[in-house]
Amino acid sequence: NDFLLLTMRGAVGDILCHFIDADGNFIPSDIESRLISTSLQRLKELDNTIGVAAGLSKAKSILAALRGGYLNTLITDETTALKVLELSAD
């Protein structure tokens, strides 16, 4: 039910179980109170954050993470990278 509600609120993916919308904005949820995780704000403050994701189904989430400024290094495959670039042009 949590994931359905988050999707209805515009979530396209998560970073360390912190859900974000297509622009990389944090979407608050009850899940936050149950997490033991690095915060999204802390990720932005770190010198080196590496994201690893691949697959066309992850392209929207990857783009949102990049738009939100949570990553400065991305490891992915060529097909996914091309899809992220395509989505970013929209």
Checking H18 side chain against T38 main chain: does a donor-acceptor pair fall under 3.5 Å? yes
Short question: side chain of Y70, backbone of G24 - any donor-acceptor pair under 3.5 Å? yes
State whether the number of non-hydrogen atoms from other residues, nucleotides or ligands found under 6.0 Å of [X] atom [atom1] is greater than 12.
X   : atom1 : value
D90 : CG    : yes
E78 : CD    : no
N48 : CG    : yes

Qualifying residue for side-chain contact (heavy atoms from CB on, under 4.5 Å) with T76, from L82, V84, I62, V52: I62
Are [X] and [Y] in one and the same hydrophobic cluster, where Ile, Leu, Val, Met, Phe, Trp and Tyr link if side-chain heavy atoms are under 4.5 Å apart?
X   : Y   : result
L74 : L87 : yes
L46 : L40 : yes
I27 : L35 : yes

Could you give the distance from [atom1] ([X]) to [atom2] ([Y]), rounded to the nearest 0.5 Å?
X   : Y   : atom1 : atom2 : value
I31 : S37 : CD1   : OG    : 12.0 Å
N72 : D47 : CG    : CG    : 8.0 Å
E32 : S39 : CD    : OG    : 9.0 Å
T7  : F19 : OG1   : CZ    : 8.0 Å

By side chain to side chain donor-acceptor pair (under 3.5 Å), D77 pairs with (sequence neighbours left out) T80
Would you say that [X] contacts [Y] through its side chain, given a criterion of any heavy-atom pair below 4.5 Å between the two side chains?
X   : Y   : answer
S29 : R9  : yes
L16 : L43 : yes
D21 : K60 : no

Shortest non-hydrogen contact between [X] and [Y], atoms and distance:
X   : Y   : value
G13 : S61 : CA-OG, 3.3 Å
I20 : A65 : CD1-N, 3.7 Å
R67 : S88 : NH2-CA, 4.0 Å

Stepwise side chain to side chain contact (heavy atoms under 4.5 Å, CB included) check, L66 with L71: CA-CA 6 Å; L66 294 169; L71 308 174; 4.3 Å; yes
